[in-house]
Amino acid sequence: MAGFPEDFLWGSSTAAYQVEGAYQQDGKGLSIWDVYSHLPGTTYQGTNGDVAADHYNRFREDVRLMSELGLKSYRFSIAWARIFPGGVGKPNPAGIQFYSQLIDELLCYDIVPFVTLYHWDLPQALQDQGGWENRELIVSAFAQYAKTCFEQFGDRVKYWITLNEVINFIMLGYRDGLHPPGVRDEGRAIEVSHIVNLAHAEAVAEYRQLVAQGKILDGKIGIAHVLLPGFPISVTPEDVRACEYYEGMDFHWFYDPVLKGEYPPLIWDYYQRKGHTPTVLPGDLDLLKNTVNDFIGINYYQSTFLAYNPPDGVGSATINTSGQKGSQPESGIPDLFKKVRNPDIEYTDWDWAVYPEGLYEGMKRIRARYGNIPLVITENGLGSKDAIAPTGEVLDQSRIDYIQKHLIWCKKAIAEGIPLFGYFAWSFIDLLSWLNGYQKQYGFVYVARDRNLARHPKQSYWWYQEVIQTHGESLYLSQEKTAES
Ligand code: BGP
């Protein structure tokens, strides 16, 4: 089997709100998450990112740990409200300085900065004017913010992601009412999905222009989408049809406009029957069609298994935020599909189906539908309550097993010609889980919240170090060891 490409980006990710803390430091404006997480009953036990891992103040120590781990690349996001406290207007020099210093520090250790512009922390000042629902305001505000970041950092940054997981910030924020702004209205969610696509397109256009003018490095720009492939739980036509609807809604509705400049007819018709199609103005689809993405970032954690859901079947449900395995009720859309448990699959304590071949299968589906566009895994990892040994060592063998299996399927995809150029484990360091607080850990580095946020590499840190050093060869050795034992 062909190995990982020579220049493969072995990486790890974080996001500003989840890791930085310092939420009011050095002139930063409030984001929607700063405000929302302070409202009673919105997050797990009232946890928030006020302090998080205090990466803002400790980034030099964190970058040193990245370098010891051997990371080739680090994916982080910029907090819009650090650059523009009011969302638009005059940039905040301290915000620009922070990211500039972080980028310089990474480059000093030969770590490639991989930058996300928007990981859900909209400036509250923009939300107060309608946020993502105010097309006239938000499309140009995002393009302006993106342009400022390109101008300030584009002399050193070669990889850009406009938006992280469009489906989640829209559907959780506007349909399910679980993320800010806490709206429950499918029609509004679908309207926003189109506006967000336009914002992505305008930001890419700004980037292309600056590159053409020779003002910044000629790098790569794309978007990071969740990949949640669906699999029918049986081969009955009803379940297969249920899966088609699910994929249309949760996959094609978000990928098609960005990669084909159109919306999938099956789902367009469905939303039309409900009176929920978005307002598409003349020129919008041309703009989307003419936007070239250099790559697609994939955030993959799990797959979904589907069955037909009768008209009086289950609707939307609460999500497991306790880490009590089995507490996630079935959910779905009556008369279309429901998400069901596959008894042959292992589940995490948060009821996420561990299905590494789903990542491989999903990448093949992307290729089949959109052609051979370069791919990068921008997130993949295991959330768990890590055990601490009496020696103080953080034991996270289950994370090692999880990442190992997924990397092996990545290698298989590469061998079959999928242009996968990097893998970013979520997350580099323990950080805030949006609705699960600090109990759900993902990091290679443990943060002792009871001891002044001291950092400690976990088992998985040393394991990933070896994977990187051996360019993926150690994956198979450890697998053999596991198979033998
Ligand atoms: C993705 C987000 C990340 C991260 C991850 C884990 O959807 O892009 O920011 O949070 O999921 O999710 P959670 O923290 O809910 O377990």
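Each residue takes its place number in the sequence, starting with 1. All ligand and atom numbering here is 1-based and tracks the order in the structure.
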Item to check | Partner of H179 under ring pair (Phe, Tyr, Trp, His ring centres under 6.0 Å), chosen from W120, F169, W132 | outcome: W120
Next on the checklist: For ligand 1, give me the residues whose heavy-atom distance to it is below 4.0 Å, by chain and number please.
Outcome noted: Q18, H119, W120, N164, E165, N168, N299, Y301, W352, E379, W426, S433, W434, K440, Y442
Checklist entry - Checking R369 against Y255: charged group under 6.0 Å from the ring centre and within 45 degrees of the axis? => result no
Checklist entry - Does the side chain of Y263 pick up a donor-acceptor pair with the side chain of N197 at under 3.5 Å? => result yes
Checklist entry - Under the ring pair (Phe, Tyr, Trp, His ring centres under 6.0 Å) criterion, do F59 and F98 qualify, and how do the steps go? => result CA-CA 9 Å; F59 74 92; F98 168 68; 5.5 Å; yes
Next on the checklist: Could you check whether D430 pairs with R449 (Lys NZ or Arg NE/NH1/NH2 to Asp/Glu carboxylate O, under 4.0 Å)?
Outcome noted: no
Next on the checklist: Taking the basic N atoms (NZ, or NE/NH1/NH2) and the acidic carboxylate oxygens, is any pair closer than 4.0 Å for R341 and D351?
Outcome noted: yes
